[in-house]
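In each ligand, atom 1 is the first atom listed, and ligand 1 is the first ligand listed.
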Amino acid sequence: MVSKQWLAAALAVQSCAAAVSKARDDGEMCKKTTVAILGGGMAGVAAAQALSNASMHDFVIIEYQDQLGGRVHHTDFGKKPNGDPYTVELGANWIQGLGSPGGPENPVWTFSKKWGLNNTYSNYSSILTYNETGYTDYSSILDEYEDKYNTAAEQAGIILKENYQDMTVRSGLSLAGWKPKRDDMTAQAVEWWEWDWEDAYSPEQCSLVFGTAGSNLTFNQFSDENNYVWDQRGYSRIITSEASTFLTKDDPRVHLNTRVTNISYTDSGVTIHSSDGSCVSAAYAIVTFSLGVLQSDAVTFAPALPDWKQTAIAKFSMGTYTKIFLQFNETFWPHDTQYFLYASPTTRGYYPVWQSLSAPGFIPESNIIFVTVVADQAYRVERQSDEQTKTEVLAVLREMFPNATVPEPTAFMYPRWSTSPWAYGSYSNWPAATTLEMHENFRANVGRVWFAGEATSAQYFGFLHGAWFEGQNAGEQILGLLRDECANIMSTADDCGDLRHYEKLYGSSPLADYTVFDGWEVSSFYSSS
Ligand SMILES: Cc1cc2nc3c(=O)[nH]c(=O)nc-3n(C[C@H](O)[C@H](O)[C@H](O)COP(=O)(O)OP(=O)(O)OC[C@H]3O[C@@H](n4cnc5c(N)ncnc54)[C@H](O)[C@@H]3O)c2cc1C
Ligand SMILES: *[C@@H]1O[C@H](CO)[C@@H](O)[C@H](O)[C@H]1NC(C)=O
Ligand SMILES: *[C@@H]1O[C@H](CO)[C@@H](O)[C@H](O)[C@H]1NC(C)=O
Ligand SMILES: *[C@@H]1O[C@H](CO)[C@@H](O)[C@H](O)[C@H]1NC(C)=O
Ligand SMILES: *[C@@H]1O[C@H](CO)[C@@H](O)[C@H](O)[C@H]1NC(C)=O
Ligand SMILES: *[C@@H]1O[C@H](CO)[C@@H](O)[C@H](O)[C@H]1NC(C)=O
Ligand SMILES: *[C@@H]1O[C@H](CO)[C@@H](O)[C@H](O)[C@H]1NC(C)=O
Ligand SMILES: *[C@@H]1O[C@H](CO)[C@@H](O)[C@H](O)[C@H]1NC(C)=O
Ligand SMILES: *[C@@H]1O[C@H](CO)[C@@H](O)[C@H](O)[C@H]1NC(C)=O
């Protein structure tokens with residue numbers, strides 16, 4: 001509940017912000033606001049809701065696309081029996097970790113129940129294994145990997161607790177006894193399904209400590225279930241529905257189809273310029289652009305971001321996860337199975353994981369199947385034409401199902417995440433030997449410019465719920481600053497509420513005082529011994 005006192009403070013904030021804008025705008029006619037939220041994905045909407053919840057209504061959301069939702073993004077695809085198109089998700093697709101009785105619940109799961117989103121349990125045991133000769137059962141290797149992975153995750157817990165040196169997931173798996181030969185393509189396919197498919201990078205490219213901790217924090221905390229969203233209104237419905245609880249239809253505070261090009265900031269405020277020549281001046285800005293957008297220099301900062309910030313942006317990595325959709329005139333693959341794993345005889349990660357939307361509980365009459373590629377294979381596929389990719393995937397299907405007649409698909413499409421100018425990739429990843437201090441620098445504000453999104457979450461990077469928590473947090477931090485600033489007009493933002501950052505990095509440091517993992521029992525791993 002909002003107290004009367006806080007309402008008064010919020011009103012004071014608005015006049016205080018107006019004064020700030022007037023002082024800095026050099027005669028330029030910019031729209032004035034207190035908080036400019038840059039990007040209308042999950043993090044941006046959460047930030048705006050946090051402000052609204054505290055009766056702080058003086059904000060704008062500036063969004064590149066023609067809709068809210070960001071990387072939760074669907075498209076029309078193929079045809080239903082009645083001729084209408086189906087909806088398929090090009091971006092986020094699962095609710096990852098639901099909730100356990102009496103335990104904490106993933107907010108995305110809460111929203112999906114609240115807004116009646118159609119979704120189905122993803123059964124990772126409903127899988128058949130293939131190679132270039134067709135069906136061949138190597139499912140026992142899945143269990144073997146899982147045993148070794150659990151050992152590696154336990155070791156990672158010790159490294160974390162004792163503050164030992166991090167290593168790659170490859171090293172961790174190897175020490176746990178998982179040592180697939182480079183030419184053992186079935187083991188390579190299993191490893192891809194177990195690791196690369198989730199992280200969008202190979203075990204060589206990932207941090208053992210933060211990769212396994214991240215998985216723990218989602219799947220041990222909420223639940224180990226992943227539910228696949230197939231709602232025909234699109235997964236983004238939960239974001240637009242939440243937004244509709246505090247934004248009006250055509251809310252003038254939401255600037256769609258607006259590409260931010262330049263963010264200039266001073267001690268007293270932030271001015272945001274967009275490609276259409278419009279500008280907004282604000283007391284604070286929250287940048288929710290993806291790590292890929294930040295790394296691409298698609299948006300310039302004036303002055304340039306400090307070295308510690310630029311270094312942090314460069315240190316994390318942006319993965320690409322590309323789903324290639326096919327619709328056929330019939331389901332020629334097994335009807336009751338959700339997943340089909342293909343081991344290419346020559347190339348690791350070559351069209352490995354196939355998912356059937358025709359499976360029971362999904363959209364049985366759809367005859368839709370899709371295959372996912374990541375990293376180098378995703379960059380390659382995204383560079384080439386639809387026709388070239390279609391030829392390759394049909395050849396793989398014909399190897400997997402030698403006794404079926406594999407016809408031409410009736411519909412075919414896939415997105416190009418690696419080059420989409422509003423995302424430049426799919427979701428972030430934590431490279432090996434990248435410390436929490438480095439991540440704190442990535443997350444920290446630079447004066448009045450705040451950063452929030454999937455990638456700023458140390459616990460839930462890569463996940464939609466990470467974006468939610470981070471947007472909420474940035475909104476709340478700024479509310480705190482506004483309250484202090486306007487309660488005591490003499491104070492400046494510099495000395496209240498800044499997130500910690502490090503001008504210089506000295507490798508790892510004791511984990512005892514990190515608060516980012518607080519609130520869950522895993523925090524015991526982070527207290528010094
Ligand atoms: C292929 C794929 C699969 C995924 N699968 C899952 C999954 O199954 N489960 C899961 O939990 N998560 C998944 N994710 C991750 C999830 O989608 C993200 O974590 C989440 O949507 C990120 O939200 P965000 O608000 O941080 O960023 P975004 O959604 O990227 O929001 C930022 C917004 O900024 C806008 N923007 C960018 N540049 C500019 C500019 N210059 N000017 C104005 N606006 C700009 C963008 O259009 C965007 O709307 C997946 C993502 C992808 C791409
Ligand atoms: C806003 O308040 C509602 C109702 O209490 C709550 O469900 C929601 O999570 C809050 N949003 C944020 C971003 O804190
Ligand atoms: C998952 O699939 C396996 C293999 O088909 C099956 O034995 C199991 O019962 C399924 N689990 C659920 C929860 O449906
Ligand atoms: C992950 O969870 C397992 C099982 O609870 C635990 O043994 C391990 O220490 C955890 N590892 C990390 C890095 O959090
Ligand atoms: C949700 O699922 C039900 C039951 O299968 C179906 O009748 C309905 O059309 C679905 N709605 C959407 C929006 O996907
Ligand atoms: C960004 O804006 C600042 C302040 O208006 C200006 O000095 C700078 O030249 C701009 N940079 C770009 C790349 O437009
Ligand atoms: C594919 O599986 C078949 C049947 O099990 C086997 O004979 C063949 O050697 C396998 N191919 C490779 C590259 O391992
Ligand atoms: C394909 O048909 C042949 C001949 O009938 C049979 O021997 C083989 O097992 C079948 N292969 C598959 C993958 O069903
Ligand atoms: C699908 O198309 C193929 C190739 O044209 C054809 O052989 C097959 O009979 C069709 N299946 C159905 C169910 O119409």
Side-chain angles (χ1 to χ4, degrees), residues 21 23-32 36 38 62 78-81 128-142 180-192 258-282 285 287 289 293-294 296-305 310 326-333 335 340-352 358 364-369 390 394-412 446-449:
S21 305
R24 70 164 170 273
D25 90 17
D26 298 332
E28 206 181 353
M29 297 301 289
C30 296
K31 184 185 165 108
K32 291 173 184 49
L38 310 186
I62 307 180
K79 276 197 178 73
K80 293 179 180 166
L128 295 172
T129 53
Y130 296 78
N131 78 1
E132 79 287 356
T133 68
Y135 173 74
T136 170
D137 185 1
Y138 51 88
S139 55
S140 63
I141 308 177
L142 296 167
K181 298 271 184 302
R182 287 288 173 194
D183 63 351
D184 181 349
M185 299 314 279
T186 51
Q188 294 291 340
V190 164
E191 182 183 280
W192 195 99
T258 308
R259 178 167 61 90
V260 171
T261 53
N262 188 355
I263 300 170
S264 55
Y265 56 101
T266 66
D267 289 346
S268 56
V270 186
T271 303
I272 297 103
H273 287 273
S274 298
S275 62
D276 60 5
S278 66
C279 60
V280 168
S281 58
V287 177
F289 305 151
V293 168
L294 293 174
S296 74
D297 299 327
V299 178
T300 52
F301 288 83
L305 291 171
Q310 293 194 33
L326 301 95
Q327 185 181 38
F328 290 95
N329 64 347
E330 59 183 334
T331 294
F332 58 80
W333 55 93
H335 286 73
F340 309 93
L341 180 62
Y342 169 73
S344 156
T346 56
T347 308
R348 187 179 181 283
Y350 189 81
Y351 305 116
S358 294
E365 75 289 355
S366 69
N367 303 321
I368 294 175
I369 193 166
K390 194 204 289 187
L394 288 177
V396 168
L397 280 173
R398 287 173 182 136
E399 288 180 5
M400 291 169 71
F401 304 105
N403 292 359
T405 306
V406 178
E408 276 290 298
T410 52
F412 180 85
V446 176
R448 288 170 174 268
V449 180

ask   = Just one of Y351, F401, Y342 clears the ring-ring contact (aromatic ring centres under 6.0 Å, His included) bar with Y130, so which one?
value = F401
message = Contact between W333 and L397 at the side-chain level, heavy atoms closer than 4.5 Å - yes or no?
response = no
query = How does M185 reach ligand 7, if at all, at less than 4.0 Å between non-hydrogen atoms: by side chain, backbone, both, or neither?
reply = neither
inquiry  = Show the atoms of ligand 6 that are less than 4.0 angstrom away from any heavy atom in T300.
reply    = 12 (C), 13 (C)
key: Under the side chain to side chain contact (heavy atoms under 4.5 Å, CB included) test, residues paired with Q188 that sit two or more places apart   = P180, R182, M185, E191, R348
inquiry  = Please output the residues near ligand 9 using a strict heavy-atom distance under 4.0 Å, listed in chain and residue-number order.
reply    = N329, E330, P407
ask   = For ligand 7, which atoms sit closer than 4.0 Å to a heavy atom of T136?
value = 2 (O), 4 (C), 5 (O)
inquiry  = Just to verify, what does A189 make a side chain to side chain contact (heavy atoms under 4.5 Å, CB included) with, not counting sequence neighbours?
reply    = Y138, L341, A343
ask   = Short list, please: which atoms of ligand 7 are under 4.0 Å from a heavy atom of T133?
value = 1 (C), 2 (O), 3 (C), 4 (C)
request  = Answer with yes or no whether the side chains of D276 and S274 bring together a donor and an acceptor at under 3.5 Å.
outcome  = no
ask   = Side-chain contact, heavy-atom cut-off 4.5 Å: T129 with I141?
value = no
remark   = Residues passing the side chain to side chain contact (heavy atoms under 4.5 Å, CB included) test with P303, sequence neighbours excluded, are Y265
message = Do F412 and L394 have side chains that approach each other closer than 4.5 Å (heavy atoms only, starting at C-beta)?
response = no
